[in-house]
Protein chains: 2
Amino acid sequence: MKPTSIEDFLRQAHQFYLPAVSIDNVIFGFHENQLKVLLLKSSDKNVWMLPGGFVGKKEHVDAAAARILKIRTGLDAIFLQQFYTFGQPERSNNRILVKALKSLTRKFDKNHWVLQRFVTVGYYALVEYANVNPHPDELSLACDWHDLDKLPELLLDHHEIILKALEEMRLKLNYQPIGYNLLPKEFTMKNLQSIYETLLGRKLDRGNFNRKMLSYGILDRKEKQFSGGAHKAPYLYSFNKKKYFKALEGGLGREF
Amino acid sequence: MKPTSIEDFLRQAHQFYLPAVSIDNVIFGFHENQLKVLLLKSSDKNVWMLPGGFVGKKEHVDAAAARILKIRTGLDAIFLQQFYTFGQPERSNNRILVKALKSLTRKFDKNHWVLQRFVTVGYYALVEYANVNPHPDELSLACDWHDLDKLPELLLDHHEIILKALEEMRLKLNYQPIGYNLLPKEFTMKNLQSIYETLLGRKLDRGNFNRKMLSYGILDRKEKQFSGGAHKAPYLYSFNKKKYFKALEGGLGREF
DNA sequence: GAATTATTGAGTCAATATGACACAATAGTA
DNA sequence: TACTATTGTGTCATATTGACTCAATAATTC
C-alpha cells in the first residue's frame with residue numbers, strides 16, 4: 001500500500017523496522033602451534049557459543065563489542081576488529097536458542113524479544129593465549145579455548161561466523177602484519193610461521209618465509225636464544241612496535 | 001544494578017537494546033573517465049544523501065539493501081557488496097536530518113523513532129553508467145551522479161561512508177578483478193586503466209598495466225577497433241565472463 | 001666424551017615479476 | 001602530405017619468488 005502522506009509513510013515504516021542489533025566476538029588465541037577460539041558453554045550443556053550480547057541504545061557498536069567481551073569472558077583491553085554483519089532473518093529464532101533460554105527460566109515466552117529478529121555485527125580479536133585469563137559470566141557454565149579443527153556443537157550460525165572471521169583474517173595477511181597480539185614478547189620465527197600456516201591452511205617454505213618476514217623490517221632480533229629443543233637453538237625475535245603499527249596502517253606489500 | 005534473576009536480566013536488557021538497523025548504498029558509476037557516485041537530493045534543497053532506508057523485521061539485510069536501492073533510485077538487479085557497519089550513536093540524531101524531516105511535515109516530533117539511534121550497514125555496487133536510468137523516489141527531489149572529487153554537502157556521515165567504501169574497494173583490487181559492472185560490453189584497455197587509477201589515486205604505467213591485466217587471462221580481445229580519436233585505433237576488449245567470475249572467487253595474484 | 005638426531009641460519013640459482021623506458025605504427029587533423 | 005596524439009609491442013636492469021643445499025649446533029644417546 002502506498003503512503004498517502006509523509007506521516008503515513010513514517011507510521012507504516014514504524015511497524016516494519018528492525019528491532020535489535022547484537023554482537024558476536026570471535027577471539028583467537030595461539031597455543032602449542034594450534035589456533036584456538038574462545039567459547040562459552042551455555043546452560044544447555046551440550047551447546048557452546050561465541051561471547052555475544054546486545055548493543056545498547058546509546059552505545060557505539062565498537063564499545064558494545066568490548067563491553068560484552070569483558071562481561072562475558074573477563075577479557076579486557078582487547079583490540080577488536082569488525083569483520084562482517086550477519087543479517088539472515090531466520091538465524092534469530094532458533095530451536096537451540098529457545099531450548100537454552102527455556103532452561104534458564106520456566107516462564108520463558110516463545111515470543112520474547114530476545115527471540116525476535118536481530119542483526120549481528122561480528123568482531124574478531126587475536127589475543128596472547130598465555131596472557132589472558134578467561135572466565136565465564138553468570139549465564140554460562142564454562143569459558144574455554146577450543147581447537148579450530150575440532151569445534152563442538154555451536155549455537156545458531158556461530159560456526160559460519162567463525163569461518164567468516166578466519167577468511168577475513170586470511171585476506172588481511174596479504175597487506176597487514178599479524179602476530180603482535182598472538183605471540184609472547186619474544187618468539188621464534190617458527191612460532192610466527194605456524195600462525196601463517198594455520199591461517200592459510202598450507203605449509204610454507206621455511207627459508208623463504210624467513211627471508212620475506214625479515215624483509216618487512218618489523219622484527220628485532222634478540223641476542224639469542226631459545227633453548228629446550230634437541231637441536232640448534234633458534235634466534236628469538238620481537239616485533240618492533242613502532243614499525244609494526246606503521247605497517248598496519250600503511251600496508252605491507254606492494255598494492256596492485 | 002545486578003540482575004537478581006534471569007527474568008530480571010531480560011527485562012533490564014529490554015530497556016537497553018538498540019532499536020533499528022538501516023542501510024546506506026554507495027553506488028559507483030564510471031563515465032568520461034571519472035568515477036561517480038549516485039546521490040539523492042533531499043527535500044532540504046542543499047543536502048544530498050546516499051540512497052538509504054530501514055531494514056524490515058523479517059527481511060534479510062542483503063535483501064533490504066536491494067529493495068531500498070530499487071525503491072529510492074529505480075536501480076534493479078544490482079550486485080551489492082556489504083563493506084562495513086557504522087555504529088556511532090551520535091550519527092543518528094542530527095541537525096540536518098531534523099531539518100530535512102521537518103521540511104517534510106510540520107508535525108514532526110523531535111523524538112520520533114526515525115531520529116532515535118540506529119546502526120547502518122553499508123553496501124556498495126559498481127554499475128555501468130550508461131545502462132542504468134536512476135530516478136528519485138517521492139521523498140527526493142533528484143537522483144543524480146556526482147563526481148567523487150567534488151561532492152556536495154552530504155547528510156550525516158555519508159561522506160565518511162563513501163570514503164570507507166572506496167577504501168574497501170581499493171583493497172579488493174589486489175586480489176579480485178574489477179570493472180565488469182562498470183564498463184560497457186566492449187571497452188579499451190585505457191578505459192580499464194582509468195578505473196584502476198581512480199581507485200588507487202595514482203597514475204600507472206600504460207605498458208605495464210597492459211601486460212599485467214592480460215596475464216590474468218580474463219579478457220577477450222576483439223577484432224579491433226575503437227575509432228574516433230585522432231590517433232592510432234586501440235583494440236577493444238571484453239571480459240570473459242566465465243574466467244572473470246572464477247577469478248572473483250579464487251583471487252587473482254598469489255596470496256602471501 | 002663422541003656419535004646421533006633434529007632443526008637452524010645462511011646461501012644458491014633458475015624462473016618469474018616489476019618498473020622504467022623506447023620505438024615504430026597509425027587514425028584523424030591541419 | 002606532414003603532423004600529432006596515442007597505441008601495440010618490446011627491451012632491459014632489477015627485484016621477488018620457489019625450490020633447494022649445506023654447514024652449524026643443542027640436546028640426547030651411546
Side-chain angles (χ1 to χ4, degrees), chain A residues 32-33 170 173-177 179 183 186-197 200-238 247 250-256, chain B residues 32-34 173-177 179 183 186-238 247 250-256:
Chain A
E32 288 170 351
N33 279 358
R170 196 177 64 74
L173 275 196
N174 296 304
Y175 57 93
Q176 280 193 348
L183 292 167
E186 303 195 328
F187 51 88
T188 65
M189 195 62 87
K190 192 177 186 65
N191 296 147
L192 188 56
Q193 186 177 342
S194 291
I195 294 177
Y196 276 79
E197 288 180 339
L200 294 170
R202 63 187 164 91
K203 290 290 170 193
L204 300 172
D205 181 89
R206 187 174 55 86
N208 296 338
F209 180 83
N210 233 282
R211 178 177 58 193
K212 188 159 183 176
M213 198 50 60
L214 289 175
S215 77
Y216 293 154
I218 58 174
L219 295 176
D220 292 334
R221 187 162 89 174
K222 301 294 169 186
E223 285 314 320
K224 292 202 178 180
Q225 213 85 356
F226 175 83
S227 62
H231 48 71
K232 185 175 178 180
Y235 281 107
L236 289 171
Y237 292 89
S238 65
L252 277 176
R254 207 173 22 282
E255 297 176 15
F256 196 71
Chain B
E32 289 169 350
N33 280 356
Q34 274 271 341
L173 274 196
N174 296 304
Y175 57 91
Q176 281 195 346
L183 292 167
E186 303 196 328
F187 51 88
T188 66
M189 195 61 89
K190 191 177 185 65
N191 295 148
L192 188 55
Q193 187 178 341
S194 291
I195 295 177
Y196 275 78
E197 287 179 341
T198 306
L199 285 173
L200 294 170
R202 63 186 164 92
K203 291 290 169 192
L204 301 171
D205 180 88
R206 186 174 55 86
N208 296 339
F209 180 82
N210 234 282
R211 180 177 56 194
K212 187 160 183 177
M213 198 50 61
L214 289 176
S215 78
Y216 292 154
I218 57 173
L219 295 176
D220 292 333
R221 187 160 90 173
K222 302 294 168 185
E223 285 312 321
K224 290 204 180 178
Q225 213 89 358
F226 175 84
S227 63
H231 47 69
K232 182 173 178 180
Y235 282 107
L236 288 172
Y237 292 89
S238 67
L252 278 176
R254 209 171 18 284
E255 296 175 18
F256 197 74

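By convention in this document, chain letters (A, B, ...) are assigned in the order of the sequence lines, proteins followed by strands, and residues within each chain are numbered from 1.
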Value in whole Å for how far the [atom2] atom of [N] lies from [atom1] of [X]:
{"X": "B/Asn208", "N": "C/dT16", "atom1": "CG", "atom2": "C1'", "answer": "15 Å"}
{"X": "A/Leu219", "N": "C/dG9", "atom1": "CG", "atom2": "P", "answer": "12 Å"}
{"X": "A/Leu204", "N": "D/dC20", "atom1": "CG", "atom2": "C1'", "answer": "16 Å"}
{"X": "B/Arg202", "N": "C/dT18", "atom1": "CZ", "atom2": "C1'", "answer": "12 Å"}
{"X": "A/Asp205", "N": "C/dT12", "atom1": "CG", "atom2": "C1'", "answer": "13 Å"}
{"X": "B/Lys212", "N": "C/dT16", "atom1": "NZ", "atom2": "P", "answer": "17 Å"}
{"X": "A/Tyr235", "N": "D/dA26", "atom1": "OH", "atom2": "C1'", "answer": "14 Å"}
{"X": "A/Arg206", "N": "D/dT17", "atom1": "CZ", "atom2": "C1'", "answer": "17 Å"}

Inset, instruction - Kindly determine whether A/Glu197 and A/Phe209 satisfy side chain to side chain contact (heavy atoms under 4.5 Å, CB included), including the steps that lead there. - result: CA-CA 10 Å; A/Glu197 288 180 339; A/Phe209 180 83; over 6 Å; no

Legend entry - Pair A/Tyr237-A/Asn191, side chain to side chain contact (heavy atoms under 4.5 Å, CB included): steps then yes or no: CA-CA 10 Å; A/Tyr237 292 89; A/Asn191 296 147; over 6 Å; no

Inset, instruction - Give a yes/no answer on whether the side chain of A/Lys190 brings an N or O atom under 4.0 Å of OP1 or OP2 in C/dT7. - result: no

Legend entry - Side-chain N,O (B/Arg221) to OP1/OP2 (D/dT7) below 4.0 Å: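 Result: no.
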
Legend entry - Residue mapping more 5' on DNA chain C - nearest nucleotide basis, A/Gly207 or A/His231: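 First, find each residue's nearest nucleotide; the 5'-ward one identifies A/His231.
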
Inset, instruction - Dump the intermediate steps for side chain to side chain contact (heavy atoms under 4.5 Å, CB included) on B/Leu214 and B/Arg221, then the final yes or no. - result: CA-CA 10 Å; B/Leu214 289 176; B/Arg221 187 160 90 173; over 6 Å; no

Inset, instruction - Can you measure from OG1 (B/Thr198) to CD (B/Gln193) and round to the nearest 0.5 angstrom? - result: 10.0 Å

Legend entry - Any donor-acceptor N/O pair under 3.5 Å between C/dT26 base and B/Lys232 side chain: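 For B/Lys232, whose side chain was compared with the base of C/dT26, there is no donor-acceptor pair (under 3.5 Å).
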
Inset, instruction - Assess whether one donor atom and one acceptor atom, taken from the side chain of B/Arg211 and the base of D/dG8, lie less than 3.5 Å apart. - result: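 No.
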
Legend entry - Distance-minimising heavy-atom pair for A/Ile218 and A/Ala247: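 Of all heavy-atom pairs spanning A/Ile218 and A/Ala247, the closest is CG2-CB, 4.1 Å.
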
Legend entry - Closest to the A/Asn210 side chain, choosing from C/dT18, C/dA20, C/dG9: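 Within the option list, the nearest is C/dG9.
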
